[in-house]
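This report concerns only the one structure given below.
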There are 2 protein chains.
Amino acid sequence: MKNVKGFVFDAYGTLFDVYAVTALCEQLFPGKGPALAQLWRVKQLQYAMMRSLMGRYRDFWQLTEDGLVYACQSLGLELTGDRRARLLEAYLTLAAFPDVRPGLEALRKRGVRLAILSNGEPKMLEAAAHSAGIAGLLDRVISVEEVKIFKPSPRVYGLAPERLGLGSAELGFVSSNSWDVAGAASSGLRALWIQRSVAEPPEELGFGAERVVHAITDLPPLLGS
Amino acid sequence: MKNVKGFVFDAYGTLFDVYAVTALCEQLFPGKGPALAQLWRVKQLQYAMMRSLMGRYRDFWQLTEDGLVYACQSLGLELTGDRRARLLEAYLTLAAFPDVRPGLEALRKRGVRLAILSNGEPKMLEAAAHSAGIAGLLDRVISVEEVKIFKPSPRVYGLAPERLGLGSAELGFVSSNSWDVAGAASSGLRALWIQRSVAEPPEELGFGAERVVHAITDLPPLLGS
């Protein structure tokens with residue numbers, strides 16, 4: 001990783017802790033919070049991939065709402081207008097994991113360029129970056145909105161070298177999702193898997209991580225001295 | 001549906017009952033059968049969509065194996081060579097749901113053209129069609145292998161009118177998967193959702209079924225007299 005001049009990060013689950021969303025699910029639907037949060041997340045991702053393949057792009061804010069509607073119907077939960085608004089707004093006020101700010105600050109001190117590359121819609125990402133207190137540490141917040149197709153399309157990962165003005169081999173891409181790591185590696189980025197929770201096996205997609213880390217603060221030492 | 005001249009069917013879960021796969025999972029891993037079968041199916045589908053988006057096609061037989069490997073690792077189950085072979089081979093000897101043969105026979109008597117359109121690899125599909133005793137009732141078995149991208153890409157659904165020599169509006173596409181119905185409808189086919197199990201809500205993908213049926217034998221009456 002010694003010639004890496006920029007790091008690009010996935011957003012939700014990598015930099016931003018979505019635990020607050022699960023907590024609000026539980027508050028609004030006692031006993032059903034984890035099931036709702038899990039199915040919602042599954043559908044959000046599934047719809048992103050299905051619509052990409054169908055050639056029917058719809059931005060991630062809308063897909064997030066679509067996934068919520070499906071998840072509530074499937075679980076037999078009544079999604080009132082007020083609950084819908086509160087659950088969606090939870091995505092705008094996320095916190096960063098505790099290692100994120102110190103990790104990004106240390107990387108900046110090393111002169112490394114930093115960016116987000118996410119399925120998220122631009123306003124969602126900007127709101128979360130401000131809420132999490134890391135907006136000032138990022139050179140760019142890159143959304144798939146620019147290409148209107150979702151990860152793991154190579155058109156998405158190709159935005160990173162383009163927007164940061166660096167070569168693919170100079171860019172480390174960091175995600176908590178093994179499939180996102182595979183997509184980035186398949187596109188020629190140097191992919192790192194950040195394992196934040198219980199160890200899951202890597203996805204069987206033919207492309208793996210160059211490194212596995214457990215916190216953003218694990219990254220600066222990889223750059224060498 | 002009165003001007004429909006052909007019906008095209010999804011394969012697994014629509015014509016072929018994959019219950020035997022679940023039963024074998026349970027026989028080989030007592031107490032873990034349903035969890036393994038469910039995660040295996042999720043990964044099989046996820047890998048098909050991810051690889052399509054990545055531009056890294058790999059045939060469905062191989063993806064079925066990849067999904068099995070992941071599912072066993074994730075659940076901590078030991079996948080010996082013998083177990084792997086037996087589980088994969090279960091896909092080659094599936095039965096048809098009981099309504100399939102009488103339904104297809106009645107449609108053929110009406111002069112309707114019949115085909116499978118599936119993510120499956122050609123040899124898998126041929127083997128299952130023979131095993132289920134419906135090979136002789138089908139005019140075509142169409143696999144995504146011809147376009148090397150998976151559903152719900154419109155390139156897949158476009159194979160149906162092309163190979164059957166019929167217009168999109170003359171073709172009914174039948175699937176037990178609501179997302180597959182949405183993909184077909186988005187591509188201009190006349191889509192029917194066959195609800196085989198407990199009622200699930202339709203996927204929030206912006207395209208729905210023209211009709212909902214519960215068995216293949218529900219189709220002939222839709223053609224009118």
Side-chain angles (χ1 to χ4, degrees), chain A residues 39-40 42-58 62-77 79 119 144 149-158 177-188 198-207, chain B residues 39-40 42-58 62-77 79 119 144 149-158 177-188 198-207:
Chain A
L39 184 57
W40 184 9
V42 164
K43 288 292 152 184
Q44 199 183 34
L45 174 61
Q46 229 180 43
Y47 289 173
M49 289 197 291
M50 286 173 173
R51 281 186 167 273
S52 293
L53 270 175
M54 288 165 71
R56 301 281 184 182
Y57 181 80
R58 188 170 153 89
Q62 295 174 304
L63 291 196
T64 298
E65 182 167 2
D66 292 341
L68 177 60
V69 167
Y70 179 92
C72 285
Q73 281 179 351
S74 178
L75 297 169
L77 304 175
L79 186 63
N119 272 350
V144 299
I149 192 167
F150 291 99
K151 294 176 181 178
S153 165
R155 289 170 57 200
V156 173
Y157 301 105
N177 299 301
S178 168
W179 62 266
D180 193 14
V181 167
S186 165
S187 300
V198 280
E200 271 291 311
E203 301 288 357
E204 294 286 322
L205 288 166
F207 294 86
Chain B
L39 184 56
W40 185 7
V42 164
K43 288 293 153 181
Q44 198 184 34
L45 175 60
Q46 228 181 44
Y47 289 174
M49 290 197 290
M50 287 171 172
R51 281 186 169 271
S52 292
L53 270 174
M54 288 164 73
R56 301 281 184 183
Y57 180 81
R58 189 170 153 88
Q62 294 175 307
L63 291 196
T64 298
E65 182 167 4
D66 292 343
L68 177 61
V69 167
Y70 179 92
C72 284
Q73 282 179 352
S74 178
L75 297 169
L77 305 175
L79 187 64
N119 272 350
V144 300
I149 191 167
F150 291 99
K151 294 175 178 179
S153 164
R155 288 170 57 200
V156 175
Y157 301 104
N177 299 301
S178 168
W179 62 265
D180 193 12
V181 168
S186 165
S187 299
V198 282
E200 271 290 310
E203 301 288 357
E204 295 286 320
L205 288 166
F207 293 86

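Naming: A, B, ... by sequence-line order, numbering from 1 per chain.
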| request: Would you name the heavy atoms of B:Leu205 and A:Arg51 that are closest together and state the gap between them? | output: O-NH2, 3.0 Å
| Using a cut-off of under 4.5 Å for heavy-atom pairs, which of A:Arg155, A:Met49, A:Arg58, A:Glu65 has the most such pairs with chain B? | A:Met49
| remark: Interatomic distance, CD@A:Gln46 vs CD@B:Gln46, rounded to 0.5 Å, equals 7.5 Å
| Can you tell if the side chain of A:Lys43 reaches within under 4.5 Å of the side chain of B:Glu204, non-hydrogen atoms only? | no
Identify all side-chain donor-acceptor contacts of residues 179-187 of chain A below 3.5 Å with residues at least two apart in sequence or on another chain.
from	atom 1	to	atom 2	distance (Å)
A:Asp180	OD1	A:Tyr157	OH	2.6
A:Asp180	OD2	A:Lys151	NZ	3.1
A:Asp180	OD2	A:Ser175	OG	2.8
A:Ser186	OG	B:Arg56	NE	2.8
A:Ser186	OG	B:Arg56	NH2	3.4
A:Ser187	OG	A:Gly183	O	3.0

| request: Return the option, out of A:Met54, A:Gln73, A:Glu203, with the maximum number of heavy-atom pairs under 4.5 Å with chain B. | output: A:Glu203
| Taking every heavy-atom pair that is under 4.5 Å apart, which of A:Ser74, A:Gly206, A:Pro201 has the most such pairs with chain B? | A:Pro201
| message | On a heavy-atom basis, which atom in A:Pro154 and which in B:Leu53 lie closest, and how many Å separate them? | response | CD-O, 3.2 Å
| task | Pick one of side chain, backbone, both or neither for B:Leu63, based on which atoms fall under 4.5 Å of a heavy atom in chain A. | result | neither
